[in-house]
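Residues: numbered from 1 along the sequence shown. Keep in mind it's a predicted model, so treat the numbers as computed, not measured.
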Amino acid sequence: MGAYHAGSLAVQELMGVRDRADHVGRSLGQDIKPVAAAFLELQPLLIVGAADPGTGSVWASALTGDPGFVRATGPRQMSVALGAGHASGARTDGRPVGARGTARATAAGRRPHGDPGGPLAAALKTPGTHIGTIALDPRTRRRMRLDGRLSPTPRGFAVTADRVFSNCPKYIQRRESYETLPDREPGPPHRLAELAPQHAAFIRASDTFFLATVHPAGADASHRGGSPGFVRVTSARELTWPDYPGNAMFLSLGNLRSDPRAGLFFLDWSTGTTLQLTGEARTEFTAAGNRTVRFTLTEAVWTPAALPLRWSAPEYSPANPDLPG
């Protein structure tokens, strides 16, 4: 397959950006370059997207660990250690952690943070799973995506890359530091058939979410950002968001054109609470060239304090339409 499959090509044609997409598509490759490998090893957070091998539902989720839990282990291979300890309570900007953030070394056998027991548990243990990943660093507004096939390993899993590339910093909210709270205990996950008012409010307050999509030859995980309120909850089982101008490749919208299954991942960057949604999404195009994505919920998972990371307050991206304040 070339840089784009039929779904992405169709959206590019519809939007009149085929030439630009061909130019940008030259950045797509299979190799993890040294600068990308160095970037991966600094990250405490990795977003993954895949289809559950039993149900076919597409989910997005987050995995966390001490920097180095994600690393390049070959020119085209990334390895992830699941359940890596969070022994340090130090801030990443070098400042000491306050009393509430100071933490003991992680005890042996502690329940790992991330998705080992969540909606993607089976996918992360199944050889050959198509998986999309994105490492996003709010401190620098940098992001890197790697899609490929998964192989389980004794410590977690490895991904053989089909596609590796970086995106611009558009719509990424800057958060200058984080601290790891290893004593933060995840609450029990709650399975939902529809969104209650508290979940709708959580979504409306979000300035970021992650989108997992699939196509016949792979999976992808991408970032969506904007000012709080950019995602609208229109009913207990439906939400919408604007598709802002981007790199013209239309990888996610192209996937949705080929296969409407999608997974959404929202998080509270301070409390670590997460909301995962699975369902179907379709893109609505207007004559003026604007795009809105409409998502219909099949199932959701709400997990209080799911992640051990506490990030500083956001500095909103200057690219966001309608910046707050």
What one should report as the nearest heavy-atom pair of A281 and A262 is CB-CB, 4.2 Å
With a 4.0 Å cut-off on N to O distance, would you call E179 and R310 a salt bridge?
yes
R232, CZ: over 12 other non-hydrogen atoms inside 6.0 angstrom:
no
Taking the side chain as every heavy atom from C-beta outward, state whether S166 and R142 have any atom pair closer than 4.5 Å.
no
Within a reach of under 6.0 Å around NE2 of H23, are more than 12 heavy atoms found that belong to other residues, nucleotides or ligands?
no
What's the spacing between R261 CZ and T298 OG1 if we round to 0.5 Å?
11.0 Å
Does the Q173 side chain pair with the main chain of S317, one donor and one acceptor, at a distance under 3.5 Å?
yes
Output yes when a side-chain donor or acceptor of T129 lies under 3.5 Å from a complementary backbone atom of I131, and no otherwise.
no
Residues D31 and R76 bridged, charged N to O under 4.0 Å:
yes
Is the closest side-chain heavy-atom distance between V293 and L253 below 4.5 Å?
yes
Is F69 reachable from L42 through a run of I, L, V, M, F, W or Y residues, each pair having side-chain heavy atoms under 4.5 Å apart?
no
Of all the heavy-atom pairs spanning S227 and P321, show the shortest one and how long it is.
OG-O, 3.3 Å
So, the side chain of R237 versus the backbone of T296: is there a donor-acceptor pair under 3.5 Å, distance only?
no
Report the relative orientation of the aromatic rings in F265 and F210; use parallel for angles under 30°, tilted for 30 to 60°, perpendicular for over 60°.
tilted
Evaluate the criterion side chain to side chain contact (heavy atoms under 4.5 Å, CB included) for residue pair W311 and L267; output intermediate values, then yes/no.
CA-CA 11 Å; W311 293 83; L267 74 158; 5.7 Å; no
Can you check whether T274 reaches F266 side chain to side chain, under 4.5 Å on heavy atoms?
no
Any sub-3.5 Å donor-acceptor pair from Q43's side-chain atoms to F39's backbone N or O?
yes
Share the residues that join V58 in a hydrophobic cluster, the rule being Ile, Leu, Val, Met, Phe, Trp or Tyr side chains under 4.5 Å apart at the heavy-atom level.
V214
Carefully, step by step, assess W59 and E299 under the rule side chain to side chain contact (heavy atoms under 4.5 Å, CB included).
CA-CA 10 Å; W59 295 91; E299 186 180 7; 3.8 Å; yes
Would a 4.5 Å heavy-atom cut-off, applied to side chains only, mark S252 and R224 as touching?
yes
Is it the case that the side chain of T213 and the backbone of L256 share a donor-acceptor pair, with hydrogens and angles ignored and the cut-off at 3.5 Å?
no
Would K170 and R143 count as a side chain to side chain contact (heavy atoms under 4.5 Å, CB included) if you check the C-alpha gap in whole Å, the side-chain angles of each, and the deciding distance to 0.1 Å?
CA-CA 10 Å; K170 257 186 174 181; R143 52 184 156 171; 4.3 Å; yes
Treating Ile, Leu, Val, Met, Phe, Trp and Tyr as nodes and any side-chain heavy-atom pair under 4.5 angstrom as an edge, say whether F285 and F295 lie in one connected cluster.
yes
Y244 ring center within less than 6.0 Å of Y171 ring center:
yes
Heavy-atom donor-acceptor pair, R291 side chain to D243 backbone, under 3.5 Å
yes
Kindly indicate whether the side chain of H190, heavy atoms from C-beta on, has any atom under 4.5 Å from the side chain of P304.
yes
Taking S8 for the side chain and H5 for the main chain, is one N or O donor matched with an acceptor at less than 3.5 Å?
no
Students often mix this up, so state it plainly: with edges at 30° and 60°, are the rings of W302 and F202 parallel, tilted or perpendicular?
perpendicular
Give a yes or no answer on whether the side chain of R184 reaches the backbone of L307 with a donor-acceptor pair at less than 3.5 Å.
yes
Indicate if L63 and V301 have the same hydrophobic cluster label, given that clusters are the connected sets of ILVMFWY residues with side-chain heavy-atom separations under 4.5 angstrom.
yes
Does T64 use its side chain to pair, donor to acceptor, with the backbone of P44 at less than 3.5 Å?
no
If I take atom CG from residue L40 and atom CE from residue M144, how far apart are they, to the nearest 0.5 angstrom?
4.0 Å
The reported gap from CZ in R282 to OG1 in T240 (rounded to nearest 0.5 angstrom) is 15.0 Å
Heavy-atom closest pair (I32 atom, A37 atom, distance to 0.1 Å) is CG2-N, 3.9 Å
Is F250 reachable from L211 through a run of hydrophobic residues whose side-chain heavy atoms are each under 4.5 Å from the next?
yes
Over all heavy atoms of both residues, which pair between L239 and V233 is shortest? Give the atoms and the distance, please.
CB-CA, 4.1 Å
Heavy-atom count around R174 CZ within 6.0 Å, excluding the residue itself: above 12?
yes
Would Y4 end up clustered with M15 when hydrophobic side chains under 4.5 Å apart are linked, directly or stepwise?
no
Report yes if some heavy atom in the side chain of L309 is under 4.5 Å from a heavy atom in the side chain of T180; otherwise report no.
yes
Starting at CG of L251, measure out to CZ of R163 and round the result to the nearest 0.5 Å.
5.0 Å
Roughly how far, to the nearest 0.5 Å, is CG of N247 from OG of S27?
7.5 Å
Here the gap from I47 atom CD1 to S222 atom OG, rounded to the nearest 0.5 Å, amounts to 11.0 Å
Using side chain to side chain contact (heavy atoms under 4.5 Å, CB included), reason through L150 and T126 one step at a time and then give a plain yes or no.
CA-CA 7 Å; L150 179 146; T126 302; 5.8 Å; no
Just one of Q77, M78, Q30 clears the side-chain contact (heavy atoms from CB on, under 4.5 Å) bar with L146, so which one?
M78
Smallest separation among heavy atoms of A123 and A50, with atom names
CB-CB, 4.3 Å
Does a salt bridge link R71 with E41, judged by any charged N lying under 4.0 Å from a carboxylate O?
no
Quick one: does E176's side chain get under 4.5 Å of E315's, heavy atoms only?
no
Side chain to side chain, L9 and R18, heavy atoms closer than 4.5 Å
yes
Between R145 (side chain) and D220 (backbone), is there a donor-acceptor pair under 3.5 Å?
no
If you take all heavy atoms of V164 and A161, which pair is closest and at what distance?
CG2-CB, 3.6 Å
Return yes if a side-chain donor-acceptor contact under 3.5 Å exists between D147 and H130, otherwise no.
no
